[in-house]
Amino acid sequence: MKTESMVFAVAGTLFGLIVGWIIGTQQVLVRVVPGGAPAAQMTQTAAPPTTRPALDESQAAPLRNIAERDPKDVQSRVRLGDMYFDAGRYQEATKWYEEALALTPKDVNVSTDLAICYYYTDQADRAITQMSVSLSLDPKHTKTWLNLGVVKAFGKQDLTGATAAWDEVIKLAPGSEEAQSARRALDNLKAAHPDGAMPPVGSAPVAVGASPSGMLKK
């Protein structure tokens, strides 16, 4: 899908910068989320990006009609989930991905996209749980591992867990684009913490804003 390629390219560029900025210049910060520009103090939710394309109703409306007429149609629901995701409307994307996944519970891509939606709607724990489902379906799904690292680092301040997840990406697919992103994240992490010290989990939340660019859809 075209959007996927765009997200991948943007994510590859921003991912290392974001992690480096967050960890390198804000070591006292512990509550961080993936994305672009720094934002205001954060409590729970990643701020939605401001540059997402608007939903194309001329495409969405027919798909909704198909989905309403056929409660078992998977593709219309997946496509609607993708469209709402691409428009940054994660609550609505969640609905369609959940419906799709109910019909095709072994679709690891839908599972991981749903997990990302959970994360972007301030449900980091639920995102991690859903990613665990994805990895139970496909233990070698590198996009899930990469995104799991993002959620661990940015949503839970678990940099040790994030490191393990990103190491797994490199182990599974050393020549992949996901591995390149994981290496950049790890390099920035090591540069920011040469003594291996990590911010304590549970420290007071301080924030940066978010965009979906830090995470990779299927």
Side-chain angles (χ1 to χ4, degrees), residues 4 7-8 10-20 22-23 29-36 42 44-46 81-82 85 90 93-94 97-98 101 105-190 192-193 198-199 201-202 205 208 210-218:
E4 177 186 355
V7 170
F8 214 118
V10 174
T13 301
L14 292 181
F15 193 59
L17 296 174
I18 293 161
V19 172
I22 289 167
I23 297 171
L29 308 186
V30 289
R31 179 70 180 192
V32 292
V33 293
M42 180 180 129
Q44 295 293 324
T45 309
D82 289 343
F85 187 107
Y90 304 110
T94 295
Y97 284 145
E98 285 181 338
L101 198 61
K106 294 185 178 181
D107 190 323
V108 65
N109 291 324
V110 173
S111 176
T112 294
D113 287 349
L114 175 60
I116 296 172
C117 288
Y118 286 151
Y119 178 65
Y120 283 133
T121 52
D122 191 27
Q123 303 176 80
D125 289 333
R126 198 174 183 186
I128 290 173
T129 299
Q130 191 63 48
M131 287 180 186
S132 296
V133 172
S134 296
L135 293 174
S136 72
L137 296 170
D138 182 359
K140 297 181 179 180
H141 198 257
T142 52
K143 287 188 177 63
T144 299
W145 280 110
L146 184 63
N147 287 322
L148 180 61
V150 173
V151 177
K152 292 266 188 178
F154 295 89
K156 303 297 291 183
Q157 299 98 51
D158 177 7
L159 300 188
T160 300
T163 297
W166 290 330
D167 279 340
E168 188 68 16
V169 175
I170 296 169
K171 175 184 172 183
L172 288 171
S176 66
E177 291 180 78
E178 293 94 331
Q180 292 178 28
S181 294
R183 286 192 185 94
R184 282 195 292 271
L186 289 168
D187 287 346
N188 283 308
L189 191 67
K190 290 174 183 174
H193 299 279
M198 297 293 182
V201 173
V208 295
S211 79
S213 302
M215 305 187 81
L216 302 179
K217 287 177 84 266
K218 57 182 174 287

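- Rounding to the nearest 0.5 Å gives a distance of 9.0 Å between CG of N147 and NE2 of H141.
- Annotation: the span from L186 atom CG to L159 atom CG amounts to 10.5 Å, rounded to 0.5 Å.
- Listed by chain and number, the residues in a side-chain hydrogen bond (donor to acceptor under 3.5 Å, both in side chains) with T142 are E178 (sequence neighbours excluded).
- Residues P139 and W145 approach most closely at O-NE1, 2.8 Å, considering heavy atoms.
- We find the OH-CD1 distance between Y118 and I128 to be 14.0 Å, quoted to the nearest 0.5 Å.
- Annotation for Q180 and G175: closest pair NE2-O, 4.5 Å, computed over non-hydrogen atoms.
- When every heavy atom of A124 is checked against every heavy atom of V151, the shortest pair comes out as O-CG1, 3.9 Å.
- Put simply, the side chain of T112 gets close to the backbone of V108: a donor and an acceptor are under 3.5 Å apart.
- With sequence neighbours excluded, no residue satisfies salt bridge (charged side-chain N to carboxylate O under 4.0 Å, His left out) with R183.
- Of all heavy-atom pairs between G149 and A162, the closest is O-CB, 3.3 Å.
- Contact detail for I170 and A179: the closest heavy-atom pair is CG1-O, 4.0 Å.
- In this structure, K152 does not pair ionically with E168, as no charged nitrogen and carboxylate oxygen lie closer than 4.0 Å.
- F85 and D113 get closest at one heavy-atom pair: CE1-O, 4.2 Å.
- Expressed to the nearest 0.5 Å, how far CG of D107 lies from OG of S111 amounts to 8.5 Å.
- Put simply, NZ on K140 and CG on L135 are 13.0 Å apart, with the number rounded to the nearest 0.5 Å.
- The distance from atom CG of L137 to atom NZ of K106, rounded to the nearest 0.5 Å, is 8.0 Å.
- Contacts of D125 classified as salt bridge (charged side-chain N to carboxylate O under 4.0 Å, His left out), with partners at least two apart in sequence or in another chain: K156.
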